Amino acid sequence: MGKVNLAVDIQGLRLDNPVLTASGTYGFGLEYSQIVEVCKLGAIVTKGLTLEPRKGNPGKRIFETPAGLLNSIGLENPGVESFIKDYLPQVKDLGPKIIANISGNTIEDYIELAERLGNQAGIAALEVNISCPNVKAGGMAFGISPQMAAQVTKAVRKSTTLPVLVKLSPNVTDITEIALAVEEAGADGVSLINTLLGMAIDINSQKPVLGNIVGGFSGPAVKPVALRAVWQVAQKVKIPVIGMGGISTWQDAVEFILAGATAIEVGTANFYNPQAPLEILAGIGNYCQERGVTAITDLIGLAWKER
Amino acid sequence: MGKVNLAVDIQGLRLDNPVLTASGTYGFGLEYSQIVEVCKLGAIVTKGLTLEPRKGNPGKRIFETPAGLLNSIGLENPGVESFIKDYLPQVKDLGPKIIANISGNTIEDYIELAERLGNQAGIAALEVNISCPNVKAGGMAFGISPQMAAQVTKAVRKSTTLPVLVKLSPNVTDITEIALAVEEAGADGVSLINTLLGMAIDINSQKPVLGNIVGGFSGPAVKPVALRAVWQVAQKVKIPVIGMGGISTWQDAVEFILAGATAIEVGTANFYNPQAPLEILAGIGNYCQERGVTAITDLIGLAWKER
Amino acid sequence: MELVNLRVKKQIKIAEDQFVLTLNSPSITKVAQAGQFITIKLNKNYDPLLPRPFSIHSVDRETGDFLIYYQVVGKTSKLMAELEPGDEITVLGPLGKGFNLELENSRALLIGGGLGQAPLRFLAEELQKKNNQIYMAIGARDQEGLKNILCFEESCQEINLATQDGSLGKEGLVTELLPQIIRDFNPKIIYTCGPLPMMAKVKELAAQEKIPCQVSLETTMACGIGVCLGCTCESTNSEIYPKVCTHGPVFWAQEVKLDG
Amino acid sequence: MELVNLRVKKQIKIAEDQFVLTLNSPSITKVAQAGQFITIKLNKNYDPLLPRPFSIHSVDRETGDFLIYYQVVGKTSKLMAELEPGDEITVLGPLGKGFNLELENSRALLIGGGLGQAPLRFLAEELQKKNNQIYMAIGARDQEGLKNILCFEESCQEINLATQDGSLGKEGLVTELLPQIIRDFNPKIIYTCGPLPMMAKVKELAAQEKIPCQVSLETTMACGIGVCLGCTCESTNSEIYPKVCTHGPVFWAQEVKLDG
Ligand SMILES: Cc1cc2nc3c(=O)[nH]c(=O)nc-3n(C[C@H](O)[C@H](O)[C@H](O)COP(=O)(O)OP(=O)(O)OC[C@H]3O[C@@H](n4cnc5c(N)ncnc54)[C@H](O)[C@@H]3O)c2cc1C
Ligand SMILES: Cc1cc2nc3c(=O)[nH]c(=O)nc-3n(C[C@H](O)[C@H](O)[C@H](O)COP(=O)(O)OP(=O)(O)OC[C@H]3O[C@@H](n4cnc5c(N)ncnc54)[C@H](O)[C@@H]3O)c2cc1C
Ligand SMILES: Cc1cc2nc3c(=O)[nH]c(=O)nc-3n(C[C@H](O)[C@H](O)[C@H](O)COP(=O)(O)O)c2cc1C
Ligand SMILES: Cc1cc2nc3c(=O)[nH]c(=O)nc-3n(C[C@H](O)[C@H](O)[C@H](O)COP(=O)(O)O)c2cc1C
Ligand code: FES
Ligand code: FES
């Protein structure tokens, strides 16, 4: 059997393989590099970066639910300057392409982040987070309105020559509407899904478990919702879709690719199986090989494409 | 310790206790009555009824996901006339109040269903399903627009003297907007959540698993989303909220009551634990007793109410 | 039908990934009919979530023992393989409609494919009680799939085997044996349980020979008792989709479509 | 830090719902420091989902054995209690920052509450090697919670006990014993691990007496290695929220808030 070509191209962002690690679940890749061969990853998406350092939300920040995880980290990060100075020099030597995930309170924030990161060697693309449910200003507000989502996209698009991925929220009535709006506004790709909005209550204290009351909901529990979103969006837009949400095994990843994802991100699964991304990579390769698929790109959207 | 008063009143719908079984997961109560003391339930919500008999969707209809269930039944039911003639005589003798869950393609359908059921002895209330993701016409379309949701509610409200509960979809950007619209339109209560929209793909056939492609997603996996929806809605509306979505244990039920639910429905849990509703009923009682709570109504919304 | 916690009495490994579990419930055993099934839920957490259906393999009405013959294919069956005597599992049953047992002093042909053998033992034992001669034909991928055939020895007059890899019995599909068997044995009824293509072929042959034929279907189930309306198959003569859990799992072959 | 599958070597029931698990990993044992922890994931399905953190109770650097002393409180620990020799579990570790071990030829006071005893054995063994005298005070709800105290006999000079129900040792909270102990023993450092209110009281007493004090914190963790940023506590002197998994679990008492 011949070798399978796993490379994918997201409007100029060329990746050796389609397995990425999701923002906020892999730090800047340095920690996991101690136990995982991170150099094999298609790309690493950084923890969400903001202009200023953020200390995140007070109180309890994570809680396990059946097959899922609630988090209310609140975008804790060292800020873009510290990232560039203190982390990027090491991070860019890890091997995989680095995609910077950015978050702002205002459109100006996004522009400044894009400009600041756009001329840094070692950054291969931007993933624009307009869907974080854990911060008050900005965050998800941009992601639930097609107009605002388009505005942010346009602004970032103008501020950088890097490929621009826009990360969408599933907490909307019609995710395809937002996807079409950001495509129209110049996005090179869409990443979906960010976390669902969820919560838990502590029946002893009779108060919400999380300090921030509601949190972002991720993990295997959300996979059916994420896959449905990818299926819907991939049939509507022409730009590549990066799928995520509960992906834990190569079978999950294949489902997302068949639904129309050009690449996938592994998030929460890193926490319970740090080897998940590499197991997924190997599994996808085997799946292709066993079926005589010579290029992973031949699988994309096969579940709905005419054959 | 004194006895706990578990009775609740939903705008005239008086229930001995707040534990109901959810539409579509309990048939008309007859099957489970063979193994469960259904007479102890607060109420039974019937399988969704339509004017004409429906045969439901072709192909595979159910699929298990991590801690969740996808279904695409497609409202199979014998139709309202057969229900009244062939089932209701037995059903109304089961003991609990019977809440008829109704679904229509048009507003006229809802009106006719409400009129037909409104003058039947043995029906205690209507639960208006404007959120079924598994049918093409009507169904969820009514549930994702505040205007249409209000129209259906108004029409049903005028057509019956029974208490009218409106069942809301979680597949919206802002569920409180829909809740406020149906409250304004005369609903006596809101039931939430109906199923999320999800899907799965069979990596062997490379096609969607479900015959209907997408399905309704329920079970423990969705609990964090459901609880968040109840929390949000209960703080906005003045009418009672009936909470559901993944409730499997008394602890889950207490979380929903603390979040603001006046009553709760047990759905998918019946399939993996037919005793779940009665275990929940007992557990809620103990919880109150241990904490010196004399009436369950004192717990409602305690997680956000000023104390 | 009852919902009970039962303790595992015995578990025997039959072959690679195949086990026979002994449970005891005089009340279930008393009313169980050949072709009926139970559902098993053994974990208290939510993954796996739903109970799984398994045919009743055999019953001993004196002791109250009944058997489940199963293969490890996924989450629940993997957990089942770890069961030890004394462990508790939750059982709902007996469920569904069993095989037609009107035949007396006559000849029945039973055709099993893979784990489709499971319900046929109980069936053969019941048919034998009614003084029937039973001819059995069993197909499997390889000889590992035929490690349980001794259980049919007492009840059946003849057992024909086929494996796809030819490691035991005739090489090929069990259905290839059938024309000859039907000619020699002249059965008055045919019962079959196994993969859909196999049952479709059996249905076709039975129809050709005008022999009544019953098939036992498998499908994903949620409730097992007819409320979720999820376990449908396709009918040949009715608008509604029959439910495998209550209208089946056993159907007359001409009632249902078997093209998957 | 490594991620490995380890086979259970031994499991001993210490008391109702309390067990000591023996694992073997020469590489982990070699580098492990008192106060560090590992995470354990033992099921392949998704419920429970996340690995759970457990302190290293003791190490044997010659054999490579190390111990986990745990209590059954929920999903994972319930599964752990069913482990048998030979079963495989996935372990990540050693993780976190351990106790300060600069003390030599001096006197240390160790205060454990409930399962907070777990990391103190390893600590006591390390302190003893440096020729320190160790005074131990342990509190528990009842005598069931003190069934593991023999493990401290070799390393500690004196062990004081308190139970809330008075079933063993002094009736009341372990912190009530402290003023007397501190006066008599004059420790140069205090280490504590247990419920927050207990540690808060210890911190207060240590501050009064100006004795350096280290606390070991517990919190919900997702990753265990500092990437999820979920396992925060509150700092007394810094804007950022320290991460228990990497900045801790051991902190100097004055660095962190202990009011829950
Ligand atoms: C009436 C009836 C009687 C039965 N009797 C017996 C019997 O006597 N003995 C017996 O062994 N079996 C019997 N079965 C079949 C049995 O119910 C199944 O083998 C069992 O449900 C498997 O459960 P599991 O949790 O072990 O596997 P699951 O984890 O549920 O997996 C089941 C199968 O589906 C596959 N699968 C899971 N997810 C996917 C996906 N995303 N895409 C594609 N494939 C997937 C798995 O690989 C596996 O092969 C019967 C079924 C019915 C309906
Ligand atoms: C650094 C560190 C070291 C530790 N060392 C040890 C050790 O050596 N020994 C030891 O025994 N433990 C130790 N722990 C604690 C241990 O991690 C926990 O006991 C373990 O995670 C419990 O996991 P579980 O799956 O068994 O319980 P879970 O199922 O996770 O439940 C944990 C607890 O939370 C409660 N809970 C769950 N859900 C809710 C809810 N909705 N509302 C309210 N309460 C809820 C449960 O009742 C239970 O008491 C340590 C913790 C840390 C952080
Ligand atoms: C602890 C945690 C932190 C996260 N932080 C970010 C973030 O900073 N920026 C972002 O775009 N997404 C963030 N996410 C969302 C993930 O990148 C991903 O979209 C989501 O978790 C769904 O994928 P999963 O189910 O595989 O985790 C975070 C998720 C988790 C669990
Ligand atoms: C098999 C199945 C059928 C359902 N049918 C209906 C229905 O006919 N009408 C309706 O309003 N909701 C229906 N529902 C939704 C449930 O009533 C409930 O809102 C949802 O499943 C969430 O609760 P749960 O997680 O406890 O199941 C159905 C759910 C399932 C699983
Ligand atoms: S499994 Fe629910 S109707 Fe058959
Ligand atoms: S557990 Fe993830 S940062 Fe500590």
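Just so we're on the same page: letters track the sequence lines, and every chain starts at 1. Computed from a prediction, not measured in an experiment: that's the story for all the values here. Computed over heavy atoms, backbone and side chain alike; hydrogens, waters and symmetry mates excluded.
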- prompt: In terms of heavy-atom pairs under 4.5 Å, which option from B/T25, B/L69, B/I35 contacts chain C the most?
  reply: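 The answer is B/I35.
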- prompt: Out of B/P66, B/S248, B/G219, which one racks up the most heavy-atom pairs below 4.5 Å with chain C?
  reply: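 Ranked by heavy-atom pairs under 4.5 Å with chain C, first place is B/S248.
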field: All side chain to side chain donor-acceptor pair (under 3.5 Å) counterparts of B/E279, not counting sequence neighbours
entry: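 Applying side chain to side chain donor-acceptor pair (under 3.5 Å) to B/E279 gives B/N273.
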message: Does any backbone or side-chain atom of C/E2 lie under 4.5 Å from a heavy atom of chain B? Answer side chain, backbone, both or neither.
response: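 Just the backbone, heavy atoms under 4.5 Å.
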query: Between C/T220 and chain B, which part of the residue has a heavy atom less than 4.5 Å away: side chain, backbone, both or neither?
result: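 Both backbone and side chain.
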- prompt: Between atom CZ of C/R52 and atom CZ of C/F37, what is the distance when rounded to the nearest 0.5 Å?
  reply: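 Result: 13.5 Å between the selected atoms.
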field: Chi angles and distances behind the side chain to side chain donor-acceptor pair (under 3.5 Å) call for B/S72, B/N212
entry: CA-CA 6 Å; B/S72 61; B/N212 202 41; 5.3 Å; no
N/O donor to acceptor pairs below 3.5 angstrom from side-chain atoms of residues 18-25 of chain C, sequence neighbours left out:
unit_1: C/Q18; atom_1: OE1; unit_2: C/Y69; atom_2: OH; d: 2.5
unit_1: C/Q18; atom_1: NE2; unit_2: C/E144; atom_2: O; d: 3.2
unit_1: C/N24; atom_1: ND2; unit_2: C/T63; atom_2: O; d: 2.9
unit_1: C/N24; atom_1: ND2; unit_2: C/D65; atom_2: OD1; d: 2.6
unit_1: C/S25; atom_1: OG; unit_2: C/S27; atom_2: OG; d: 3.3
unit_1: C/S25; atom_1: OG; unit_2: C/I28; atom_2: N; d: 3.1

query: Are any side-chain N or O atoms of B/E127 and backbone N or O atoms of B/I102, one a donor and one an acceptor, separated by less than 3.5 Å?
result: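 A pair under 3.5 Å: no.
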- prompt: Side chain, backbone, both or neither: which part of B/F28 has a heavy atom under 4.5 Å from chain C?
  reply: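 For B/F28, there is no contact with chain C at all, as no heavy atom is under 4.5 Å.
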Heavy-atom proximity to chain C below 4.5 Å, by part of B/P58: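 Both backbone and side chain.
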- request: Hey, can you tell me if B/Y287 and B/W250 have their rings parallel, tilted or perpendicular (30° and 60° cut-offs)?
  value: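 Answer is tilted, since the angle falls between 30° and 60°.
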field: Pick from C/N45, C/L49, C/T39 with the largest number of heavy-atom pairs that fall under 4.5 Å of chain B
entry: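 The answer is C/L49.
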